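Labels below follow one simple rule: chain letters A, B, ... track the order of the sequence lines, proteins then strands, and each chain is numbered from 1. Keep in mind that this is a model prediction, so the values were computed, not measured.
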Protein chains: 2
Amino acid sequence: MMKSAQVVKALAALAQPTRLAIYRLLVASGPEGVAAGQVAERLKVAPATLSFHFKTLSHAGLVDSRQDGRFVYYSANFAVMNGMVAYLTENCCGGNPDACKQTNINEN
Amino acid sequence: MMKSAQVVKALAALAQPTRLAIYRLLVASGPEGVAAGQVAERLKVAPATLSFHFKTLSHAGLVDSRQDGRFVYYSANFAVMNGMVAYLTENCCGGNPDACKQTNINEN
DNA sequence: TCTATTGTTAAACAATTATTAAATTGTCAG
DNA sequence: CTGACAATTTAATAATTGTTTAACAATAGA
């Protein structure tokens with residue numbers, strides 16, 4: 001089980017519109033990753049701002065990076081995301097993952 | 001599918017140690033809810049601070065409240081939590097919820 | 001009604017976060 | 001080596017967030 005502090009860090013990293021968009025873009029782009037500049041262009045974010053957000057995501061363990069020539073390729077790391085979802089699922093329903101879904105059915 | 005902005009709001013609400021602890025306590029305490037004072041005592045949080053955090057959680061739709069006499073009982077609302085987990089699961093693995101688990105197996 | 005209890009609100013403040021512009025590092029091509 | 005390119009770092013600033021104290025509402029009970 002992931003530690004609470006690490007979960008908070010991961011949640012905080014994703015709790016920002018630009019960073020959530022970055023993460024989604026990386027997830028959709030596969031394991032080879034996307035160059036920082038491409039992300040900047042696609043999401044219309046200034047390079048310095050993007051670096052700042054990458055650092056936050058990276059520090060939370062949500063993304064990996066690899067340098068290739070002048071480019072830095074970022075990719076999603078699913079381990080932390082998975083741990084986070086597992087933590088939420090378990091702590092959302094008191095060990096019964098289906099409880100939420102049942103609640104959801106009742107309320108939709 | 002939950003909107004991205006609502007997901008960000010829910011993530012932000014939980015991305016704080018005290019609020020995550022509050023939510024977990026409410027989840028563990030069942031649908032009847034817990035009085036604010038009990039939460040304050042259990043988590044050792046000042047009343048005003050707790051009210052502030054309850055407001056954030058409430059505004060994100062993660063908790064419900066009901067007044068009973070002098071007491072205000074808070075309870076977890078699973079609908080938003082469930083929507084959030086569903087959003088993350090879908091956007092984490094590009095529509096394939098198992099991808100994360102497989103990645104996890106590889107990295108553990 | 002008076003008083004104690006429960007909880008929220010308001011104001012002030014410290015700490016953190018997000019953004020920008022400018023300077024810096026590292027890499028490649030000529 | 002030089003110049004251009006890709007990205008990060010730094011410094012400054014604005015905005016947001018978390019906490020505390022004090023004041024405020026609402027309810028219950030004597």
Side-chain angles (χ1 to χ4, degrees), chain A residues 4-26 29 32-77, chain B residues 4-26 29 32-77:
Chain A
S4 166
Q6 199 186 346
V7 172
V8 168
K9 209 172 196 175
L11 288 167
L14 293 171
Q16 207 278 343
T18 300
R19 284 196 297 268
L20 186 56
I22 292 169
Y23 190 81
R24 291 186 58 185
L25 178 56
L26 295 184
S29 300
E32 67 282 356
V34 187
Q38 299 265 334
V39 175
E41 192 184 2
R42 287 236 228 152
L43 301 181
K44 308 209 187 311
V45 179
T49 304
L50 189 62
S51 273
F52 169 82
H53 288 310
F54 272 140
K55 197 157 75 178
T56 302
L57 288 167
S58 185
H59 196 236
L62 285 162
V63 306
D64 295 324
S65 64
R66 120 190 102 82
Q67 180 135 16
D68 183 2
R70 281 183 281 189
F71 302 88
V72 177
Y73 289 85
Y74 284 90
S75 56
N77 181 332
Chain B
S4 165
Q6 200 186 345
V7 172
V8 168
K9 210 171 193 174
L11 288 166
L14 294 172
Q16 208 277 342
T18 301
R19 284 196 297 268
L20 186 56
I22 292 169
Y23 190 81
R24 292 186 59 184
L25 177 56
L26 296 184
S29 300
E32 66 281 358
V34 186
Q38 299 265 334
V39 175
E41 191 185 0
R42 286 238 229 150
L43 300 182
K44 308 209 187 311
V45 179
T49 304
L50 188 62
S51 272
F52 168 82
H53 288 311
F54 272 141
K55 197 157 75 177
T56 302
L57 287 166
S58 184
H59 196 236
L62 284 161
V63 307
D64 295 325
S65 64
R66 120 191 103 83
Q67 182 135 17
D68 183 2
R70 281 184 279 191
F71 302 89
V72 178
Y73 288 88
Y74 285 91
S75 56
N77 181 333

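- Distances shorter than 4.0 Å separate some side-chain N or O of B/Thr49 from OP1 or OP2 on D/dT20.
- Remark: side-chain polar atoms of A/Arg19 are paired, donor with acceptor, to backbone N or O of A/Ala12 under 3.5 angstrom.
- Between D/dT19, C/dG7, D/dT9, one nucleotide has an atom nearer to the side chain of B/Val72 than all others, and that is C/dG7.
- When the side-chain nitrogen and oxygen atoms of B/Tyr74 are compared with OP1 and OP2 of C/dT6, none of them lie within a distance under 4.0 Å.
- Annotation: side chain of A/Gln16 is not in contact with side chain of B/Val8 (no heavy-atom distance under 4.5 Å).
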message: side chain to side chain contact (heavy atoms under 4.5 Å, CB included) for A/Leu62 and A/Tyr23? Distances and angles first, verdict last.
response: CA-CA 8 Å; A/Leu62 285 162; A/Tyr23 190 81; 4.0 Å; yes
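- In this entry the distance linking CG of B/Leu50 with P of D/dT17 reads 18 Å, nearest Å.
- Put simply, CG on B/Leu11 is 14 Å from P on D/dT17, counting in whole angstrom units.
- Here D/dT9 is the nucleotide among D/dT17, D/dT9, C/dT19 with the atom lying nearest to any side-chain atom of A/Ala48.
- Here the P atom of nucleotide D/dT17 and the NE2 atom of B/His53 are 12 Å apart, to the nearest Å.
- With a 4.5 Å cut-off on side-chain heavy atoms, A/Leu57 and A/Leu14 count as touching.
- Remark: P of C/dT9 and CZ of B/Phe54 are 13 Å apart, rounded to the nearest angstrom.
- Position along DNA chain C of the nearest nucleotide to A/Gln16 versus A/Arg70 favours A/Gln16 as the more 5'-ward residue.
- Straight-line distance from the CZ atom of B/Arg66 to the P atom of C/dG7: 12 Å, rounded to whole Å.
- When rounded to the nearest whole Å, the span between CG of B/Leu57 and P of D/dT17 equals 13 Å.
- Contacts of A/Phe71 with the nucleic acid, taken as non-hydrogen atoms under 4.0 Å apart, involve only primed sugar atoms and P, OP1 or OP2.
- Considering only side-chain atoms of B/Gln67, the nucleotide from C/dG7, C/dT9, D/dT27 that sits closest is D/dT27.
- In terms of phosphate contacts, A/Tyr73 brings no side-chain nitrogen or oxygen within less than 4.0 Å of OP1 or OP2 of D/dA7.
- At the heavy-atom level, A/Ala36 lies under 4.0 Å from the strands shown only through sugar-phosphate atoms.
- Side-chain atoms of A/Val63 and A/Ser75, non-hydrogen and from C-beta on, never get closer than 4.5 Å to each other.
- Between A/Phe52 atom CZ and C/dA18 atom P there is a gap of 5 Å when expressed in whole angstrom units.
- The CD1-C1' distance, from B/Ile22 to D/dG18, rounds to 12 Å in whole Å.
- Using a 4.0 Å heavy-atom criterion, one finds that A/Ala40 contacts no nucleic acid atom at all.
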